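From a predicted model like this one, the values you see are computed outputs, not experimental measurements. Index from 1, following the sequence.
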Amino acid sequence: MTEKNTKNMTALVSCFARAYHYRNNEVWVFADDYAEKLMTRQEYAAVAESMSKGINYFNPGFVGNPEEALRWIVDNQLSPSVLGRSAFCEDMLRSAVMDGCRQYLVFAAGYDTFAYRNQFGGLKVFELDLPDIIDDKISRVGNCEKQAVYVPCDLSSPLWQKALLQRGYDASGISFSSLLGISYYLTREQFDALIRGAASVVCPGSRICFDYPLSVAGEECMKNEELASAAGEKMKAKYSRKDIELILEKNGFEAADHFDEKKMTEKYFNEYNEAQPNHIMHAPEGVGYCMAVKK
């Protein structure tokens, strides 16, 4: 499998998790009414079938039909991390916009859909990702009325900052950056370099938001780590809360909000759980969530 296909498949599964959650519920942890539009019917059906057939890996001894198996896998394995971090990030983004932010940077955007759901007038959305992934995304979005400013680049190269500036980003204006799902696949040195790169193009008062794997992982995270490794995306580092705060401090940021599994579940999952008592969901163990401010 090529790097392009691997990354696209990872993005597609995350997109499926958001689409399935929206389609099959009336109360949501995170409501993404656009995700399914980025997938063909064949892709949606293929991911659903593949996931349901993997029930014995996720839950040995499970008894139920394929649809029940799929629901169990989505609610217990696929959705919690994707939905939780998206809810956290867009909650923090909302606060930033209320405080005057007018630029939103989505790093490794994949099939993120915020730009096409954007309800904030005047908020400019920049999506940064590899050129082939952006090309694929554009072909899926088509003639959507709302669009992002696409920034084809390689985040492992310092040239991404130049590419961003060439697309109309104002480094002197307050911004909010999403770095969701990235830290897992970078070494500590690479993650530090990415934070340092972000610090070089955002002004004081700007905010960044990301999730990261904790040194002590839960069962769900370990399963996801095994799946990522099998798909060629090995997770390369884990962190304590102190580790993250030191990286942020070194690069001119200060952690303003730091959530763990318990706080995430209370804030973003409880309403859903009360409305769906047969489909309880919680934030995954072994994941931290942080919003930091440039000093």
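- Residues M264 and I280 do not share a hydrophobic cluster, clusters being chains of Ile/Leu/Val/Met/Phe/Trp/Tyr side chains in contact below 4.5 Å.
- Using a 4.5 Å heavy-atom threshold, the side chains of F88 and C209 count as touching.
- Under the 4.0 Å criterion applied to side-chain N and carboxylate O atoms, E245 and R241 are assigned as salt-bridge partners.
- Taking the six-membered ring wherever Trp is involved, the centroid distance between the rings of W28 and Y22 falls below 6.0 Å.
- Contact detail for W160 and G197: the closest heavy-atom pair is CZ2-C, 3.6 Å.
- D99 meets the salt bridge (Lys or Arg N to Asp or Glu O under 4.0 Å) test with R207; sequence neighbours excluded.
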Practice item. Start with the C-alpha gap between H279 and W72, add the side-chain angles, then the distance that decides, and say whether side chain to side chain contact (heavy atoms under 4.5 Å, CB included) holds. Key: CA-CA 8 Å; H279 301 289; W72 189 95; over 6 Å; no
Point to revise | Stepwise side chain to side chain contact (heavy atoms under 4.5 Å, CB included) check, F114 with L123 | key: CA-CA 11 Å; F114 176 82; L123 179 65; 3.8 Å; yes
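- With sequence neighbours left out, Y104 forms a side chain to side chain donor-acceptor pair (under 3.5 Å) with no residue at all.
- Side chain of E127 to backbone of V151: no donor-acceptor contact under 3.5 angstrom is found.
- Under the 4.5 Å side-chain criterion, counting only non-hydrogen atoms from C-beta, S183 is in contact with P213.
- With sequence neighbours left out, R102 forms a side chain to side chain donor-acceptor pair (under 3.5 Å) with no residue at all.
- A donor-acceptor contact shorter than 3.5 Å is absent between the side chain of S50 and the backbone of A46.
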Practice item. Give the C-alpha distance, both sets of side-chain angles, the deciding distance and a yes or no for ring pair (Phe, Tyr, Trp, His ring centres under 6.0 Å) between Y272 and H21. Key: CA-CA 11 Å; Y272 168 83; H21 182 70; 5.3 Å; yes
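- The main-chain N or O of V141 is never found under 3.5 Å from a side-chain atom of K37 such that the two would form a donor-acceptor pair.
- Residue pairs that meet the ring pair (Phe, Tyr, Trp, His ring centres under 6.0 Å) test with at least one member in residues 127-146, sequence neighbours left out, do not exist here.
- Contact detail for C203 and S172: the closest heavy-atom pair is SG-O, 3.7 Å.
- Here the side chain of T265 pairs no donor or acceptor atom with the backbone of H282 at under 3.5 angstrom.
- When atom types are taken as modelled, the side chain of D32 and the backbone of A19 share no donor-acceptor pair closer than 3.5 angstrom.
- Side-chain contact between V287 and Y184 is present, with heavy atoms from C-beta onward closer than 4.5 Å.
- Linking ILVMFWY residues whenever their side-chain heavy atoms come closer than 4.5 Å, directly or via other members, places V293 and M98 in the same cluster.
- Distance OG/S86 to CG/D112: 7.0 Å, rounded to 0.5 Å.
- Using cut-offs of 30° and 60° for the angle between ring planes, the F191 and F210 rings count as perpendicular.
- A salt bridge is absent between K263 and D260: the closest approach of a Lys/Arg side-chain nitrogen to an acidic carboxylate oxygen does not fall below 4.0 angstrom.
- D211 places no side-chain N or O within donor-acceptor distance of the main-chain N or O of R85, the cut-off being under 3.5 Å.
- In this structure D75 satisfies the salt bridge (Lys or Arg N to Asp or Glu O under 4.0 Å) test together with R71, sequence neighbours excluded.
- Residues satisfying the side chain to side chain donor-acceptor pair (under 3.5 Å) test with Y111, not counting sequence neighbours, are D136, R140.
- Between Q103 and I174, the closest side-chain pair of non-hydrogen atoms is not below 4.5 Å.
- C89 places a side-chain heavy atom less than 4.5 Å from the side chain of F176.
- Judged by distance alone, with hydrogens and angles left aside, the side-chain atoms of R188 form a donor-acceptor pair with the main-chain N or O of K238 at under 3.5 Å.
- Atom OH of Y268 sits about 15.0 Å away from atom CG of N273, to the nearest 0.5 Å.
- Using cut-offs of 30° and 60° for the angle between ring planes, the Y44 and F16 rings count as tilted.
- Scored by the side chain to side chain donor-acceptor pair (under 3.5 Å) test, E261 finds no partners at all (sequence neighbours excluded).
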What pairs of donor and acceptor atoms, side-chain ones from residues 248-255 against any protein atom, are under 3.5 angstrom apart with sequence neighbours left out?
from: K250; atom 1: NZ; to: D192; atom 2: OD1; distance (Å): 2.9
from: N251; atom 1: ND2; to: D192; atom 2: OD1; distance (Å): 3.3
from: N251; atom 1: ND2; to: I247; atom 2: O; distance (Å): 2.9

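- Residues H258 and I244 meet the side-chain proximity criterion, which asks for heavy atoms closer than 4.5 Å.
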Review point. Do S177 and F107 pass the side chain to side chain contact (heavy atoms under 4.5 Å, CB included) test, and can you show the C-alpha distance, the side-chain angles, and the key distance before you say yes or no?
Key: CA-CA 7 Å; S177 297; F107 287 71; 3.6 Å; yes
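- Within a 6.0 Å radius of NZ in K146, more than 12 heavy atoms belonging to other residues, nucleotides or ligands are found.
- Sequence neighbours left out, the pairs with a member in residues 51-61 that pass salt bridge (charged side-chain N to carboxylate O under 4.0 Å, His left out) are E49-K53.
- In this structure, CZ in F30 is found 11.0 Å from CG in D91, a value given to the nearest 0.5 Å.
- Inter-residue side-chain proximity for Y239 and L214 is flagged as unmet; no heavy-atom pair is nearer than 4.5 Å.
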Review point. Where do D243 and Y212 land on the side chain to side chain donor-acceptor pair (under 3.5 Å) test, with the steps shown first?
Key: CA-CA 11 Å; D243 292 333; Y212 63 92; over 6 Å; no
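- With hydrogens and angles ignored, the 3.5 Å screen pairs no side-chain donor or acceptor of D129 with any backbone N or O of I134.
- Residues that satisfy the salt bridge (Lys or Arg N to Asp or Glu O under 4.0 Å) test with K294, not counting sequence neighbours, are absent from this structure.
- Residues forming a salt bridge (Lys or Arg N to Asp or Glu O under 4.0 Å) with R167 (at least two apart in sequence, or on another chain): none.
- Proximity of a side-chain donor or acceptor of D257 to a complementary backbone N or O of M291 within less than 3.5 Å is not detected.
- Put simply, the side chain of V149 does not reach to within 4.5 Å of the side chain of V125, judged on heavy atoms.
- For E274 (side chain) and E271 (main-chain N/O), no donor-acceptor pair under 3.5 Å exists by modelled atom type.
- More than 12 heavy atoms of other residues, nucleotides or ligands lie within 6.0 Å of CD in Q147, so this atom counts as buried by the packing criterion.
- Legend: salt bridge (charged side-chain N to carboxylate O under 4.0 Å, His left out) pairs involving residues 155-164, not counting sequence neighbours: none detected.
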